[in-house]
Amino acid sequence: MTAPARTTVAAPTRRSPTISSSRKAMNNVMLGLCVAATALTLAVLAWIFGYVLIQGARHVNLAFFTNLPAPVGEPDGGFLNALVGTAIMVGVASAIAIPIGVFAGIYLAEFGVGWLAWTVRFVNDTLNATPSIVAGLFAYTLIVLETHRFSAFAGSVALAVLMIPTITRTTEEMIRLVPRALREGALALGVPEWGMTLQIVLPAAASGVVTGIMLAVARVSGETAALLFTAFNNRFLSASLNEPMSSVPVQVYTYAIAPYEDWHHQAWAGALVLVTLVACFSAAVRLATRNRHQSLT
Amino acid sequence: MKMRASHLTVRYGAKVAIKDVSIDIHANQVLALIGPSGCGKSTFLRSLNRMNDTVPGVSVTGQVQLDGEPIYGPEVDAVLVRRRVGMVFQKSNPFPKSIFENVAYGLRVGGLRERGAVADRVEQALRHAALWDEVKDRLHESGLGLSGGQQQRLCIARALAVEPEVLLMDEPASALDPIATAKVEELVSDLRDQLTIVIVTHNMQQAARVSQRTGFFYMGKLVEVGETTQIFTRPKERETEDYITGRFG
């Protein structure tokens with residue numbers, strides 16, 4: 001070994017290993033900004049929920065869940081028709097949108113090269129940014145005008161159109177996160193590609209995919225505009241997809257703009273119940289689909 | 001003769017990864033492949049069970065035979081080739097499933113449905129991979145909860161469970177500590193009775209310990225292949241000698 005050549009680079013000046021005060025200050029400012037932004041976000045959320053809680057809690061009672069709407073001035077009117085309607089329409093919309101969204105997401109993640117994938121992604125993103133009233137208009141033109149009646153099915157289609165882009169996008173992102181090593185591990189066992197995707201990759205991405213689905217469900221559960229001229233409204237309990245159907249948000253809307261005090265109370269109660277149900281449902285699904293063997297997220 | 005590669009050339013796009021490699025792989029022997037990083041030994045290994053098929057832009061010319069039958073060709077099903085030629089990777093990659101399911105998965109895919117038979121084969125494979133005693137009380141816990149060395153042995157068990165005829169191992173011990181490495185090496189030596197093994201390694205002592213034959217790759221070419229003792233004591237080629245004596249690489 002020859003001695004290393006003399007370098008002309010100056011040795012770093014010796015500094016005490018304490019953090020400089022300007023960096024400390026910067027650190028604190030940045031941390032402060034992050035905390036402030038978080039606090040603000042949470043405060044808005046808490047404010048909304050708190051307000052709904054205060055306004056609505058007094059008017060939530062058993063009759064609210066078990067009774068149909070009562071004429072103005074009569075006590076003990078309820079939201080039964082709207083609750084059932086929302087459950088049915090969100091359910092049908094999910095049945096349409098989840099398979100389409102998940103499979104489209106798989107397609108984009110696994111085979112997503114070339115002009116077709118580019119087009120699908122572009123259309124999907126556009127759809128994602130489409131105002132919900134446009135989705136309603138679409139279902140109105142396609143189904144309501146054709147069948148000459150408002151129907152729960154038309155409402156479900158409008159909701160499904162709103163759900164698909166969210167589900168597709170999250171599924172794609174989550175599947176892309178699954179490491180290549182996991183895929184190769186499956187292929188090396190002599191697993192065909194479809195088996196690898198459905199049995200290894202999709203389960204590995206499951207909790208993320210479920211989160212996407214829950215976001216979509218939560219979004220359309222409170223959807224009003226898309227249902228106004230598709231499912232319309234119905235004062236009676238109906239389970240038929242061919243009839244107009246009530247939903248919680250539309251009923252809240254109808255009651256909120258009406259000039260009657262007791263309807264306003266019911267609208268607040270409806271808003272509270274809707275928010276609570278969506279939150280509980282999300283939590284339950286997350287808990288049930290939690291993967292004990294999760295490697296990601 | 002279990003497998004034979006003849007004039008195998010693999011390109012990634014325009015880049016030639018291995019060039020005109022011909023090598024015989026003898027049954028019930030361990031063949032070690034050594035060489036500096038980027039010399040093409042992993043690419044070669046992955047061409048033996050058509051794992052390279054999944055890499056975009058890859059092209060393969062030449063042929064590989066398994067028991068005298070070609071594994072490349074329009075009529076050959078790569079999935080069936082991989083059932084016979086299994087693989088263990090450098091980095092352990094257990095599925096996000098339980099320990100039991102990690103091993104049972106390949107069996108079920110292979111068509112074994114009967115519960116008792118699956119359980120037996122899982123136990124057998126885990127014993128084979130010298131992991132059974134460490135996991136028998138927690139078979140239904142996540143495979144990802146195991147230590148690195150255990151995870152790698154789980155991956156070996158998973159590969160063994162489907163009873164491949166050939167096992168390809170791509171630096172299976174490079175991420176393991178010395179104790180886990182010793183276990184894997186011991187395993188490789190024991191497995192030779194039942195199957196044929198091709199192992200890529202950066203560790204020349206490891207190649208000397210576990211293999212009967214050794215091939216030296218350099219710059220995408222197979223420089224030399226022969227009995228392990230011969231390669232390490234009397235290499236024919238200058239490049240081989242330089243590499244094993246540590247002059248480069």
Side-chain angles (χ1 to χ4, degrees), chain A residues 1 102 106-118 170-212 286-297, chain B residues 45-46 48-57 77-111 140-146 151 154-164 167-170:
Chain A
M1 276 289 267
V102 168
I106 291 174
Y107 168 77
L108 289 179
E110 298 284 316
F111 312 97
V113 285
W115 65 269
L116 181 59
W118 188 90
T170 19
T171 303
E172 181 190 358
E173 301 292 338
M174 288 303 137
I175 286 195
R176 274 183 194 281
L177 281 181
V178 176
R180 189 177 164 78
L182 213 55
R183 299 157 198 264
E184 293 198 331
L187 290 179
L189 285 176
V191 179
E193 264 190 72
W194 66 264
M196 171 196 81
T197 305
L198 292 185
Q199 295 157 0
I200 299 294
V201 176
L202 196 55
S207 78
V209 172
V210 168
T211 303
R286 285 267 190 114
L287 217 60
T289 56
R290 194 178 40 171
N291 189 343
R292 293 181 299 131
H293 312 301
Q294 199 66 40
S295 58
L296 324 148
T297 59
Chain B
L45 193 75
R46 292 165 57 91
L48 294 177
N49 69 342
R50 296 191 51 178
M51 279 312 280
N52 284 331
D53 289 18
T54 61
V55 180
D77 183 355
V79 169
L80 296 180
V81 171
R82 293 187 198 122
R83 289 216 180 126
R84 297 175 61 191
V85 184
M87 189 159 194
V88 174
F89 298 84
Q90 178 175 5
K91 201 169 159 286
S92 61
N93 53 354
F95 301 134
K97 295 172 180 280
S98 72
I99 293 167
F100 184 90
E101 282 303 320
N102 257 281
V103 183
Y105 176 62
L107 295 170
R108 299 217 180 90
V109 170
H140 297 287
E141 289 173 28
S142 171
L144 295 162
L146 298 172
Q151 286 194 9
L154 178 62
C155 293
I156 293 173
R158 179 176 82 187
L160 291 175
V162 297
E163 298 185 343
L167 187 62
L168 311 175
M169 305 179 99
D170 191 356

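Every chain is numbered from 1, with letters handed out A, B, ... down the list of sequences.
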Considering only heavy atoms, which portion of [X] lies under 4.5 Å from any heavy atom of chain A: side chain, backbone, both, or neither?
{"X": "B:Pro56", "answer": "neither"}
{"X": "B:Arg84", "answer": "neither"}
{"X": "B:Val85", "answer": "backbone"}

Exam field: side chain B:Asn93 to backbone A:Ala181, donor-acceptor pair closer than 3.5 Å: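 Side chain of B:Asn93 to backbone of A:Ala181, a donor-acceptor pair under 3.5 Å: yes, one is there.
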- prompt: Rounded to the nearest 0.5 Å, how far does CZ of B:Arg82 lie from CD of A:Glu184?
  reply: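 Between A:Glu184 CD and B:Arg82 CZ, I get 9.0 Å after rounding to 0.5 Å.
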task: Just jot down the side-chain hydrogen bond (donor to acceptor under 3.5 Å, both in side chains) partners of A:Glu172, sequence neighbours excluded, or say none.
output: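 Scan of A:Glu172 (side-chain hydrogen bond (donor to acceptor under 3.5 Å, both in side chains), adjacent residues dropped) gives A:Arg121, A:Arg169, A:Arg176.
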Inter-chain contacts: residues 187-196 of chain A against chain B, heavy atoms under 4.5 Å: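 Interface residues of residues 187-196 of chain A: A:Leu187, A:Ala188, A:Leu189, A:Gly190, A:Val191, A:Pro192, A:Gly195, A:Met196.
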task: Please flag which part of A:Arg183 lies under 4.5 Å from any non-hydrogen atom of chain B: side chain, backbone, both or neither.
output: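 When you check distances to chain B, no heavy atom of A:Arg183 falls under 4.5 Å.
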